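Okay, structure first, notes after.
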Amino acid sequence: MLKLFDPPEPALQPLPCRSCYVTTISVQGSPACNRTLHGEAGRTYELQIQNPGGAYPFVCHLNFTATGGLYGDIVQLNLAKFSIGKFVENFHDPKQHGECTEGFMTISEQGLPNLDGRWCGTASGYTIYYSETRSVNVTLRLDKLPQASSGTTNGFEFRLIYKFLRHSDAKLRNDNRIWNGDLVPGSYCNRNFYDCDKRTCRIRSPNYPGIYPRNLTCKYYINHRAPPSGLHAMIVLRQPDGHKLNMKEQATHHEANNRILRSWEQCDEAQDYLSIYDGAATEAPAIGRICGGDVLPDIVSSGPEMRVEFHTSPYDVPFHPNPVTFLPGFELEVHVLYVNSNSQSYIRQPGRCEFIISAFESQTGELESPQHTLPPESSCLYHFQGRRHETVWVSFIKYHSAIDPTGFESPAECVTQLRIWDGRWSVTSRPYGKYPGSLCLCGGWIEVWLFIEVFIGAPPEYQRNASLIEQICREEVPRLCSRSLVAKGSRPCSTQESYLSTGSDLTIEYRPSPIGTARLYGPASAFKLRYEFVDNSLGGAPLEPLVAPSAMPEPAALVQFHPKSCDRVFRSTSASRGIFRSPSNVFMYGRGGSPNISCIIRFEASGGESVRLTITRARFGGRSCQNMQNRSGRWHCNHHGGPVSDLRISEVPWTDVAPLPRDCLCSDVSGSITLAPLAASIVEVKFTTLQMEVDQDFRDFYFEGRYEFARDGCETDWSERRLRGRSGDAYLKPTPCPALIQPWLLEPETDSSYLVLKLKGFWMPPLLQSAPPCPTDARITVYSTNNPKNSRDLCPSGPDVVAFSDGWDRAYEFSAAEIAKSLIIEFKSPRRPPLELIEYKFSWMEIFPAHDCPHRCQELQACIPAELWCDGKVHCPSGQDESPTECDLRLPLSPLHVGLAAATLTLVLSLAAGLTACARRKRGEKKHLQSVHLDAGGGGRAGGGYPHPHPHHAGVGMGGYPHANHHLSSSHALAPLYLDPSKDSFC
């Protein structure tokens, strides 16, 4: 073989111009064939071979070698004219390759495997080949004399323009900022890529940016080896520039027509194509096949590995894409996408999208469709299963469905993309052997799973135990509640904007690309939804009657599937101890229900048992209120204004009487609060919250506690503590019960009467710092059954004091039958006193309002029952009811009567002397106490005497709970009257 410059031949030396050429006219003796050609870097050379016209087959070998330095590093070949043999396409079977007949050209490179790929036919356009190595072998072969064709004189043309280039001059090919991966030893073009989050990775076709070889298979392995902690890596393949994605198609008319991305069924095995696999393993599913050029959207793997394979046909015509500015071959960008490793944004098993999320792990959350590319004809099954006391609430907050521009479905045809089922689907056959089950038994409960399954090819068979809620076609969207994406704190989603199951299961059947074969990458649809497992459990049993609060609306979902009332009862016959809490049902109050809620939880103990309560945690939405504990160890709420949210504890000694308040909590509880024991066997906890905001729910207002029915041997006969009669006396009797509050109920005999109560002691003022010294820690509390808030505490040491039942100060304004006139008398102590020290007496009497009645106590300005008049026992403070004037008018005068009169006179004189001494004592007490003794809620009327029922003289009252008499306006609040010994008493 002869070299172009060794030995020097003047006819073959490079010309001093930039464009030089060598022309061979005949085969025999031609210096251009069977030679090795060199040249200076940067200069352009031309070579032309004409029709040999001799013996066949004709074979011509050309070698182009860049020797480095001034003579370049790589070879550039430009097929200016090419017409060798014929390329015959196989139109009958698109899966079979075409073939070259009568002649062909091959190109091979030194050091690389011989591919035996062939070019033939007639080329057009600007066709360039860039070598991967320093030396390129070009072989031309003609098997017969070619026939002349249009544009050629003898059916054969070969004109080659070539150049030797330095690496530094091939800027597009040798950009130092771009990494093309590591070449796998022994392969032609297989390459390994890694750490593409730290450098610019590009997958290129061989010999890019020139035409690539024939009969070629390149495998590109992409692996991200060490994702950051807590993150999951996914490989992204894309090409936003359409001119960098051009592959030779057998149907050449595609190049002249519309350029669109051609994929999947538009690609056949007889042409050049790219295949993308979700993983590096050979069994990894295909998630893309590309054979036509244009912008390539993101193709994303489900994990840190991806395999890309490039296949070229063994025979073809040299080509260049249109327009000429486009580059043959391809260049693809490689990126790394990170998602939370605990999220549902990616599948755990390539080829099978399966998420297992237990409701024990997440009661609520957001779920997105897979953020990676799915195989064609994927079918996704989302199954939500809650606990047996839960329902599933799903709200779509984002939904996108793209229409494939190449689809030809009839607009009237519903191509199902989404189905929502009320119930569970179970899979009876799986396409990939054995898989973990999606049901687990944990502690007697069915564990909740949310799983997504994607099947490739024929979908599995299902056993459907569900009813269809809604079917969404490709052109439609499901119920949307997207406003939460626009503004926080917006109105919550309603049941008309979401989906709610009737039971513990809900299934979503999702087809990302419902066209049959995926032509779009992205995928064709995507969604984002919020799911919530709604807890319908309340504990205990329903408290009859089940009456929902009147201010609480009833959404459709609440009426159909959820309890209307949150009132519950816990009985010791069912469980001796347990946990009680506020409802966790979002449809009951707050975000999904009413802004107001009121729940009553009742505890009913058996005989010899008491109820013990501990509040373990509570939250009241940050309302302005403070928990305060009084001297008796009870808690009360100090509200500072604003909407009310509190937890009130009461006991029910008598079932036909309103509960007696004991404790109140209204600020957050983080540590346990054990409430003091109560005397009654029935205890009620009332949870009330008003005026919640639209974004608040049971997570902002809640409580939780423990209850226990303790057998302490304490059993109170409450009928003995229910006192009734025209008058009477009662004693606080010793009791072994641990409760620190012991109540008594005092009721009038008739509906038209009121009560006057006489006790020993003095009323404690509202401000403790102004209270006089009390020799005991015990207190007596008196209040009306319908107005417990207007209670007064009495120090049980001192002279007699008097209290009237509710409404006495306005007896002429209202009917006595409309007013609850019963009184509660309670003994309170901050600690359990010795039984032998408890000795306390109180008395009561019925009175009636009247101006003119035969049995009237003048100082009380009230009438007493006729049977109490002259019964031998003084009832009026002055003794008027037993005076001789009243009692002896109808009796005959006798020595006995004379004696009684004398005795009465003596008693009156003694009484007068006693009143004088009492007056002196009062003046001494006034000097000592000054003005610390307050009257009956303050006291009676100013100036002494007893309050009387007069329309224009109302006694001093105090506000109270709205309780039994809701029909009375607030301006007519009725309160008991208290008399202070410093002003008026039986003295």
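Bear in mind that the values here come from a model prediction, so they are computed numbers and not experimental data. Numbering of residues begins at 1 and proceeds along the displayed sequence.
- Not one N or O on the side chain of Arg623 forms a donor-acceptor pair closer than 3.5 Å with the backbone of Gly642.
- Residues in residues 626-655 take part in these disulfide (SG to SG under 2.5 Å) pairs, two or more places apart or across chains: Cys637-Cys664.
- Partners of Asp793 under the salt bridge (charged side-chain N to carboxylate O under 4.0 Å, His left out) rule, at least two apart in sequence or in another chain, do not exist in this structure.
- Of the possible donor and acceptor atoms, none in the side chain of Glu846 sits under 3.5 Å from a partner among the backbone N and O of Ser753.
- Every residue two or more places apart in sequence or in another chain that forms a side-chain hydrogen bond (donor to acceptor under 3.5 Å, both in side chains) with Ser719 is listed here: Asp717.
- Relative ring orientation between Phe842 and Trp844 is described as tilted, the plane-to-plane angle lying within the 30° to 60° band.
- Neither side chain, Thr781 nor Glu826, offers a donor N or O lying under 3.5 Å from an acceptor on the other.
- Checked against salt bridge (charged side-chain N to carboxylate O under 4.0 Å, His left out), Asp656 has the following partners two or more places apart in sequence or in another chain: Arg722.
- By the 30° and 60° cut-offs, the orientation of the rings of Phe620 relative to Phe687 is tilted.
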query: Between Lys686 and Cys599, is a side-chain contact (heavy atoms from CB on, under 4.5 Å) present by the stated rule, with each step listed?
result: CA-CA 6 Å; Lys686 185 175 184 180; Cys599 299; over 6 Å; no
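- Judged as a side-chain hydrogen bond (donor to acceptor under 3.5 Å, both in side chains), and not counting sequence neighbours, the contacts of Glu684 are Arg602.
- Tyr754 has its side chain within reach of Pro849: a pair of non-hydrogen atoms, C-beta onward, lies under 4.5 Å apart.
- Ion pairing of Glu604 with Arg571 is present here, as a side-chain N (NZ or NE/NH1/NH2) and a carboxylate O approach within less than 4.0 Å.
- For the 3.5 Å distance criterion, the side chains of Glu609 and Ser572 qualify, holding a donor opposite an acceptor.
- A donor and an acceptor atom, one from each side chain of Gln861 and Arg856, are located under 3.5 Å apart.
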Only pairs under 3.5 Å count here: list side-chain donor-acceptor contacts from residues 673-683, not counting sequence neighbours, and write none if there are none.
unit_1, atom_1, unit_2, atom_2, d
Thr674, OG1, Thr614, OG1, 3.4

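- Checking Arg648 against Ser650 by side-chain atom types alone, no donor-acceptor pair falls below 3.5 Å.
- No donor-acceptor pair under 3.5 Å is formed between the side chain of Asp567 and the backbone N or O of Leu543.
- The aromatic rings of Trp718 and Trp654 sit perpendicular, their planes meeting at an angle over 60°, well past the 30° parallel limit.
- Cysteines Cys887 and Cys870: SG-SG separation is under 2.5 Å.
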task: Could you go through the salt bridge (charged side-chain N to carboxylate O under 4.0 Å, His left out) check for Arg634 and Asp663 one step at a time?
output: CA-CA 6 Å; Arg634 314 308 307 193; Asp663 295 280; 2.3 Å; yes
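- A donor-acceptor pair under 3.5 Å links the side-chain atoms of Arg792 to the main chain of Met764, judged by distance alone.
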